[in-house]
Amino acid sequence: MSIISLRKDLARKLLKAPEILCLYDIEHCGPTVRFLESIYDSVAKESRLLELDLTGTTRITGAASVVLFANVTAVQLLCEYPPVVHVMSPTDRTMRQHLSHSGLHTAISPGGAAKLERLWNGSNRYQSGVDAPTDSQRTIDYLETIVPAPLPGSVSRAISEAILNVSHHAYDLFPANDLSQALGNRWWQHYNVSGRGISFLIYDRGMGIPRTMALNNPSWKSELLAIEEAMRKGGTRYGSKSGRGNGSEDIKSPVKHGIASLFLMSGGGRFELRDVTVPPVTRLVGSQLSGTLVEWHQKLPMPSDFNQGQS
Amino acid sequence: MTTFHPLDVAQVFSPFPFGRNSRDGDNNGERFRQQFLVPRLRADQHLRVMLDNVRRLPSSSWLEEAFGGLIRFDKFSLDFVRSHLQIATQRKDYEEEIWGYIEKAAEDVRKVK
């Protein structure tokens with residue numbers, strides 16, 4: 001049964017995407033978040049059918065693309081009306097090809113739960129899971145087929161723990177009647193493979209770290225303090241004597257092993273860790289992203305790197 | 001001389017240990033502790049838990065629940081666990097991590113008393 005009754009009597013609401021959809025660059029982050037959030041809000045709060053105008057978009061980065069995937073498919077699931085979002089393709093040919101080759105075009109095409117399940121079976125690098133034990137295993141199985149060397153244990157542990165975080169924490173504190181509960185413990189993920197590296201991104205539309213932490217301890221009402229506390233060893237909403245709070249060490253572990261860098265965005269804050277020898281960089285982004293996005297980027301050795309190593 | 005009975009996680013439990021409790025499926029750390037560790041330790045067996053044959057190293061949630069839980073929930077003392085449990089893995093950092101969870105649980109329990 002559909003959870004949202006759409007206003008099909010009204011014309012589609014037009015949402016025009018920015019030219020650049022990017023969450024990494026602070027200049028583009030605000031407009032990108034506002035556009036992405038408006039997709040979910042327009043359907044969930046205003047019950048509108050949407051026309052997503054990507055005609056002027058010339059670039060979409062990995063983090064923005066997984067949130068776009070999440071928000072479009074979240075509303076498809078919630079209203080059980082596959083054509084709820086109609087996408088106007090970019091006029092830029094390179095961008096159009098990128099959408100098609102990356103699998104994003106298929107991932108946001110009209111569909112519901114069956115479409116999301118099909119994404120696991122093909123070679124699409126956008127996927128969505130709701131069953132942590134099963135889907136974490138198939139995620140790591142799939143990653144092992146696309147990385148050129150055995151997947152480091154720290155990476156598989158980091159991904160498992162990030163998925164467990166969604167399952168245990170992301171949606172737990174929403175009231176039982178909140179729309180977000182209807183998504184289950186769902187997350188969205190993306191493998192971004194480029195010439196110099198592989199990124200793995202996982203995003204949930206849960207309460208986000210700052211709000212979750214603040215509900216349990218008002219002293220963490222600063223968003224950046226809450227994120228820093230959650231990412232600190234032993235930092236947890238359950239308190240220091242609970243045996244919890246070790247997962248952030250798993251999530252940072254690929255950085256500690258020199259394998260990957262870490263980018264995290266939750267609510268209005270972000271956390272970046274490129275190297276454990278330097279402190280993480282945290283900053284407010286000036287807009288509110290629903291839920292939490294985590295990305296690990298693993299650089300691949302290039303021929304020039306090998307040459308440097310041999311000289 | 002004390003005999004430590006081998007307990008190969010991959011063989012007796014699962015090659016894919018995952019998660020903290022039943023919410024995370026059947027291969028969770030709580031089930032491993034309750035079904036494989038606690039009954040044997042209560043029978044005063046000495047155990048050598050072997051981890052190297054698992055297909056994927058479990059993350060911290062599984063490890064803390066399985067081993068820290070012995071003290072946190074099943075009320076074994078740190079001395080008892082130290083004398084009755086060996087962790088067998090070629091990964092020294094892994095062994096240290098597990099003992100870290102056990103010792104932290106003992107410290108937490110001591111603070112609560």
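A note on names: the letters A, B, ... follow the listed sequences, proteins ahead of strands, and every chain is numbered from 1. These numbers come from a predicted model, not from an experiment.
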Task: A/Asn165 versus chain B, the contacting section by heavy-atom distance below 4.5 Å - done: neither
Task: Carboxylate-amine/guanidinium contact A/Asp172 B/Arg23, below 4.0 Å - done: yes
Open item on the list: Out of B/Ser61, B/Gly19, B/Gly68, return the one with the most heavy atom pairs under 4.5 angstrom to chain A.
Closed with: B/Ser61
- [ ] Search all heavy atoms of A/Ser160 against all heavy atoms of B/Phe18 and return the closest pair with its distance.
- [x] CB-CE1, 3.9 Å
TODO: Evaluate the side-chain proximity of A/Gln137 to B/Phe16: yes if any heavy-atom separation is below 4.5 Å, no if none is.
DONE: yes
Open item on the list: For chain B, which candidate among A/Ser167, A/Ala158, A/Ser156 shows the most heavy-atom pairs at distances under 4.5 Å?
Closed with: A/Ser167
Task: Segment of A/Leu151 engaging chain B (4.5 angstrom heavy-atom cut-off) - done: neither
Open item on the list: Report, in residue-number order, which members of residues 201-209 of chain A are under 4.5 Å from chain B by heavy-atom distance.
Closed with: none
Open item on the list: Is A/Ser154 close to chain B through its backbone or its side chain, or both, or neither, when contacts mean heavy atoms under 4.5 Å?
Closed with: neither
Task: Proximal to chain A - members of residues 42-59 of chain B, heavy-atom separation under 4.5 Å - done: B/Arg56, B/Leu57, B/Pro58, B/Ser59
TODO: Side chain from CB out, backbone as N, CA, C, O: work out which of these in A/Asp131 comes under 4.5 Å of a heavy atom of chain B, or both, or neither.
DONE: neither
Task: Minimum heavy-atom distance between B/Glu97 and A/Arg157, given as atom pair plus value - done: OE2-NH2, 2.6 Å
Task: Leading residue by heavy atom contact count with chain B [cutoff under 4.5 Å; candidates A/Ile163, A/Thr134, A/Leu164] - done: A/Leu164
Task: Heavy-atom neighbours of A/Glu117 CD exceed 12 at 6.0 Å - done: yes
- [ ] State, with a plain yes or no, whether a side-chain heavy atom of B/Asn27 is found less than 4.5 Å away from one of A/Pro133.
- [x] no
